[in-house]
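Just below is one structure, and these are the notes that go with it.
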Amino acid sequence: METLGNVLLAIVSICTFISFFPQIVKYLRTKKAQDLSIWSWVLWVVSSLSYTLYAVLCTNTIMLIFETSMELLFCVIILICSIVFRKKKAPQQDADNKENNI
């Protein structure tokens with residue numbers, strides 16, 4: 001049964017990588033994150049941090065610790081991208097809006 005649990009956690013880890021990685025690459029390429037909800041990503045980070053702490057403190061399952069740590073890392077990266085790229089684009093958007101209103 002432990003082997004099945006490890007296989008399932010490996011599948012979760014792979015799916016986590018596949019789901020987050022393309023989004024991170026997109027934000028790094030486009031440098032646009034206006035459509036992201038920062039507060040949603042803050043909640044995802046808090047949730048992932050809690051789950052990672054649970055995995056570290058309450059289990060001895062290396063795969064669970066790995067998966068939760070990876071998810072936390074990706075959530076933090078996306079949150080940072082959403083904050084940095086939103087702030088970088090905001091002054092340009094203000095300038096564009098002023099030009100359009102003239």
Side-chain angles (χ1 to χ4, degrees):
M1 193 56 113
E2 185 176 336
T3 303
L4 176 61
N6 285 334
V7 168
L8 292 173
L9 281 172
I11 292 169
V12 169
S13 298
I14 291 166
C15 290
T16 298
F17 180 78
I18 290 170
S19 66
F20 285 107
F21 189 73
Q23 197 66 51
I24 292 169
V25 170
K26 178 184 174 191
Y27 293 130
L28 293 175
R29 282 187 183 159
T30 64
K31 308 255 189 284
K32 295 179 183 178
Q34 284 72 20
D35 294 337
L36 287 179
S37 169
I38 291 175
W39 290 110
S40 291
W41 283 101
V42 167
L43 290 172
W44 277 109
V45 168
V46 170
S47 174
S48 295
L49 176 61
S50 299
Y51 196 26
T52 300
L53 289 173
Y54 167 80
V56 170
L57 298 174
C58 300
T59 72
N60 293 327
T61 308
I62 298 299
M63 286 301 295
L64 181 61
I65 294 169
F66 173 75
E67 189 279 323
T68 57
S69 298
M70 188 170 65
E71 181 177 338
L72 175 61
L73 175 67
F74 288 151
C75 286
V76 168
I77 290 170
I78 291 175
L79 176 62
I80 290 169
C81 287
S82 67
I83 292 168
V84 169
F85 296 148
R86 185 168 298 192
K87 287 186 177 184
K88 282 187 175 181
K89 292 296 181 180
Q92 181 62 37
Q93 287 178 341
D94 289 341
D96 291 344
N97 289 338
K98 287 179 184 176
E99 288 178 13
N100 291 336
N101 290 333
I102 295 179

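- For Ser69, there are no side chain to side chain donor-acceptor pair (under 3.5 Å) partners, not counting sequence neighbours.
- Summarising the geometry of Trp44 relative to Cys75, their closest heavy-atom pair is CB-SG, 4.0 Å, with the distance given to 0.1 Å.
- Counting all heavy atoms, side chain and backbone alike, Ala10 lies closest to Met63 at CA-CE, 3.5 Å.
- Cluster annotation: Leu43 is not connected to Leu53 through the hydrophobic network of ILVMFWY side chains, with a link wherever side-chain heavy atoms come within less than 4.5 Å.
- Residues Lys26 and Arg29 are not in side-chain contact: their nearest non-hydrogen atoms beyond the backbone lie 4.5 Å or more apart.
- For the pair Ser82 and Leu79, the minimum side-chain heavy-atom distance is below 4.5 Å.
- The shortest heavy-atom contact between Ala55 and Thr59 is O-OG1, 2.5 Å.
- Thr61 places no side-chain N or O within donor-acceptor distance of the main-chain N or O of Leu64, the cut-off being under 3.5 Å.
- The shortest distance between side-chain heavy atoms of Tyr27 and Lys32 does not fall below 4.5 Å.
- Using cut-offs of 30° and 60° for the angle between ring planes, the Tyr54 and Tyr51 rings count as parallel.
- Hydrophobic clustering of Ile, Leu, Val, Met, Phe, Trp and Tyr side chains at less than 4.5 Å, counting indirect connections, keeps Leu73 apart from Ile14.
- The SG atom of Cys81 sits 4.5 Å away from atom CG of Leu28, with the distance rounded to the nearest 0.5 Å.
- When all heavy atoms of Thr52 and Leu72 are compared, the pair lying nearest together is OG1-CB, 3.8 Å.
- When the side chains of ILVMFWY residues are joined at heavy-atom separations under 4.5 Å, either directly or via intervening members, Trp39 and Val84 end up in a single hydrophobic cluster.
- Under a hydrophobic-cluster definition in which Ile, Leu, Val, Met, Phe, Trp and Tyr are linked whenever side-chain heavy atoms come within less than 4.5 Å, directly or via other members, Ile18 and Phe66 are assigned to different clusters.
- Among all heavy-atom pairs drawn from Met70 and Ser13, the shortest one is CE-O, 2.8 Å.
- Thr16 contributes a side-chain N or O that, together with a main-chain N or O of Val12, makes up a donor-acceptor pair within less than 3.5 Å.
- Residues Val56 and Ile62 do not share a hydrophobic cluster, clusters being chains of Ile/Leu/Val/Met/Phe/Trp/Tyr side chains in contact below 4.5 Å.
- Annotation: Phe20, atom CZ; neighbour count of heavy atoms from other residues, nucleotides and ligands within 6.0 Å is above 12.
- A donor and an acceptor atom, one from each side chain of Glu71 and Ser48, are located under 3.5 Å apart.
- With Ile80 as the fixed residue, the side chain to side chain contact (heavy atoms under 4.5 Å, CB included) test singles out one of Ile78, Ile83, Val76, Ile77: Val76.
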